[in-house]
Amino acid sequence: MRFLRHVAAVAWKDLRVELRTREIVSTMVFFAVMLVLLCSFAFVDKVPSIPDMASGILWIAVAFAGTVGLSRGFERELHGGTMRALLLSPADRGAVLLGKATGVAVTMLVVEAVVVPLLGLLVGAPVDRSPGLLVLLLVLASVGFAVVGSVFAGMLLPTRAREVLLAVILYPVVTPALVAGIKGTAAVWAEPSQLAQAYFWIKFLLVFDAIFIAVSLWAFEAVVVE
Amino acid sequence: MKTILLVLCVLAAAVGFVALPFLVFRAPLAYELFVNQKIFYYHVPASIVMFVAVFVAGIAGVGYLITRKPTWDDTAAAAGDLVVIFGAIMLTTGPIWGKIAWGVWWVWDARLTSSLLLWMIFVAYALVRRYGGPGASRLSAGLAVFGMADVPLVYFAVNFWKTQHPTNNVIPTLGPGMREPFLLGIVCYLLLFIALLAARKAVRSGERRLHETHDLAADAGLVE
Amino acid sequence: MRDWWNDMRALLAVVVLLLSAGSAAAQVPAKCFANSERWAYARDKETLAAPGERFLEDMRACDPSFAAAVVEAVRYQIHKDEVDKFTRAKSYVFAAYGIAWAVLALSALGLWLRQRRLTAEIAALEARVRAAEKS
């Protein structure tokens, strides 16, 4: 009985604090809504099929893995206090950003290298079709995700609510790249392969990356402080 | 300041409640969509003003980052809120029109999806301002710049993809009877935008100065 | 009750029109329908309206009162469709306008409440400062 009372007391303490600021609830709700949106782009189509499903699963996995990679990657700088060192070094700020982003992008690509064959095995997606296009889609989208994510993670480093806010601000900005990846991969894996569509989405990703990497470089200079 | 706001509000009300409904009522019925098309006179000006608000928020954010003057930050915050408000109007009147025109409330085509994402970026903007702690102004300024970069994607989405949404070609080819209510709608919404922007900015400035004064008084030991 | 009566009147009017058109057709000379293959619909070459136009053209040349009866029946049907569309769409338009104004009004209201709270806080702070100064 006492055990239950203690459970209730701890729960009530947390809920009372949460009621006052509503911080966790509002960010969680926003994140959940973004997730539902992402799944809607990924899975809701006139006739769901294996290529669409597999493509959606792949890219949602990529998005989550990327977010984890970003927060862990910058966590290290926080604990080591090395962010200030990086920013004070004579290296160009843009170089710092691109270096961090490359690290994240490489880890994302490793994850993708595991997930894609797994999808082929478990879901029956035609992963051996046009591997060049698939790799191109994955690389371009991962790079865009990593660069934009690194700017936001760097910006949020001194903030108390950083993990929660990272997901909240990253997904609305990066979703066009994820959608391009989803649609492009679905086009490559469709029966029959819609390569023209896939090329369109690759071009889209190139433009997206160009614009947003430029904006990210500017933002990293202007916004990130220790 | 207050008189300017009052004049703006009276003007906006005059346009919004008198001139605009009269003109909208008199506008010719569009082919095929008849009465339903009249939602266009509210939906499109709302989206135009939303884009304007995005740019105001972005530019004010950049201004804050460069000058570090708090008034730029107040303007950016006010504009960010207004993106959410006018975006809400756009995202509710649009589907109501769509229900009659297309039979569905929502469809995941390029224009609707990207405009929803832009709106969510600025909802996130409001969350960052609320929970971002002391550095919130800088963070939101950075986010607003990404929002600005997103606007061309939203605007030109109808040109690159075959979407359900009417193309950008509709506005230049509006007939004579329809051009007036449309332009008047834009004027009305712009007046409201300026009035709300000024009002929100004033409130934020007041709150900020209040906190600063409170801190000064606390430092002086006058209050605890 | 009123709606039912309106519907009944509309139905009566359509029946009368069709009967008159039908009776007119009964008296239409058979030679008017001699070249009926002219009214076939060449799906890939023309719009859906084209065979109808040809039919009316032929009828006008052959038996004008029948052509006029057909045109009148069609016109009535179109008007009825328009009225239905308008009635259905009207409520949506009002809803859309209402929501737009409601959102703006709510935001203005929220702003006004915030301003009031702000002024109250300022007044309270001033009072406390003055009280602290006096003591």
Side-chain angles (χ1 to χ4, degrees), chain A residues 21-24 26-31 33-34 37-38 40-46 148 151-152 154-162 164-176 178-180 183 200 203-204 207-208 211-216 218-226, chain B residues 54 58 61-68 80 83-84 87 91 104 106-154 156-157 160-162:
Chain A
T21 60
R22 291 180 293 277
E23 165 181 338
I24 301 181
S26 42
T27 41
M28 267 175 69
V29 165
F30 184 88
F31 178 66
V33 168
M34 264 321 300
L37 287 181
L38 204 57
S40 310
F41 312 140
F43 297 123
V44 173
D45 212 350
K46 326 114 216 159
V148 175
V151 175
F152 287 152
M155 272 169 35
L156 284 171
L157 211 49
T159 311
R160 195 177 47 89
R162 96 186 76 87
V164 138
L165 282 178
L166 178 62
V168 160
I169 62 180
L170 180 58
Y171 282 144
V173 175
V174 115
T175 296
L178 292 173
V179 168
K183 294 250 169 26
F200 172 76
K203 277 190 285 202
F204 175 85
V207 173
F208 181 89
I211 297 178
F212 278 83
I213 290 180
V215 175
S216 303
W218 178 86
F220 197 74
E221 294 270 353
V223 180
V224 174
V225 299
E226 168 249 334
Chain B
V54 169
V62 170
Y64 174 73
L65 285 175
I66 296 178
T67 63
R68 299 286 159 168
V83 173
V84 174
L91 288 169
V104 283
W106 186 261
V107 63
W108 290 112
D109 74 350
R111 171 52 84 80
L112 273 71
T113 307
S114 52
S115 57
L116 179 67
L117 284 174
L118 181 62
W119 185 74
M120 298 212 75
I121 291 181
F122 280 88
V123 172
Y125 181 93
L127 285 173
V128 164
R129 278 210 176 264
R130 183 96 203 276
Y131 302 120
S137 312
R138 270 182 316 103
L139 292 176
S140 42
L143 186 58
V145 174
F146 281 91
M148 274 205 309
D150 212 27
V151 171
L153 176 68
V154 176
F156 291 112
F160 294 137
W161 286 274
K162 203 163 54 82

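This is a predicted model, so every value here is computed, not measured. In the text below, chain A, chain B and the rest are named by the order of the sequence lines, each starting its count at 1.
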Under 4.5 Å to a heavy atom of chain A? For B:Ile66 that would be neither
Interface check, chain B: of A:Ala219, A:Ala214, A:Ser216, most non-hydrogen pairs under 4.5 Å belong to A:Ser216
Highest number of heavy-atom pairs under 4.5 Å with chain B among A:Ile211, A:Leu37, A:Val179 belongs to A:Leu37
Per-residue tally against chain A (heavy atom, under 4.5 Å) across B:Ala136, B:Gly132, B:Gly133 peaks at B:Gly132
- Message: For B:Arg129 and B:Tyr125, which I'm curious about, is there any donor-acceptor pair between the side chains at under 3.5 Å?
- Response: yes
Max heavy-atom pairs within cutoff under 4.5 Å with chain A, candidates B:Leu118, B:Asp150, B:Leu139, B:Leu65, goes to B:Leu139
Bottom line for B:Ile121: the part with an atom under 4.5 Å from chain A's heavy atoms is both
Whatever's closer than 4.5 Å to a heavy atom in chain B on A:Leu165 counts as side chain
The interface call for A:Val207 against chain B, heavy-atom contacts under 4.5 Å, is neither
Exercise. Side chains of B:Tyr131 and A:Thr159: do they bring a donor and an acceptor to under 3.5 Å?
Worked result: no
Of A:Val148, A:Val164, A:Ile169, the largest count of non-hydrogen pairs under 4.5 angstrom with chain B goes to A:Ile169
The reported gap from CG in B:Leu112 to CH2 in B:Trp106 (rounded to nearest 0.5 angstrom) is 4.0 Å
**Request:** Check for a donor-acceptor pair, side chain of B:Trp119 on one end and backbone N or O of B:Leu91 on the other, with a separation under 3.5 Å.
**Result:** no
So OG1 of A:Thr175 and CG of B:Leu117: to nearest 0.5 Å the spacing works out to 5.0 Å
So, the part of A:Phe200 with a heavy atom under 4.5 Å from chain B: the answer is side chain
Heavy-atom nearest pair, A:Leu157 first then A:Arg162, reads O-NE, 3.4 Å
Tell me whether B:Arg111 contacts the main-chain N or O of B:Val154 through its side chain, where contact means a donor paired with an acceptor under 3.5 Å. yes
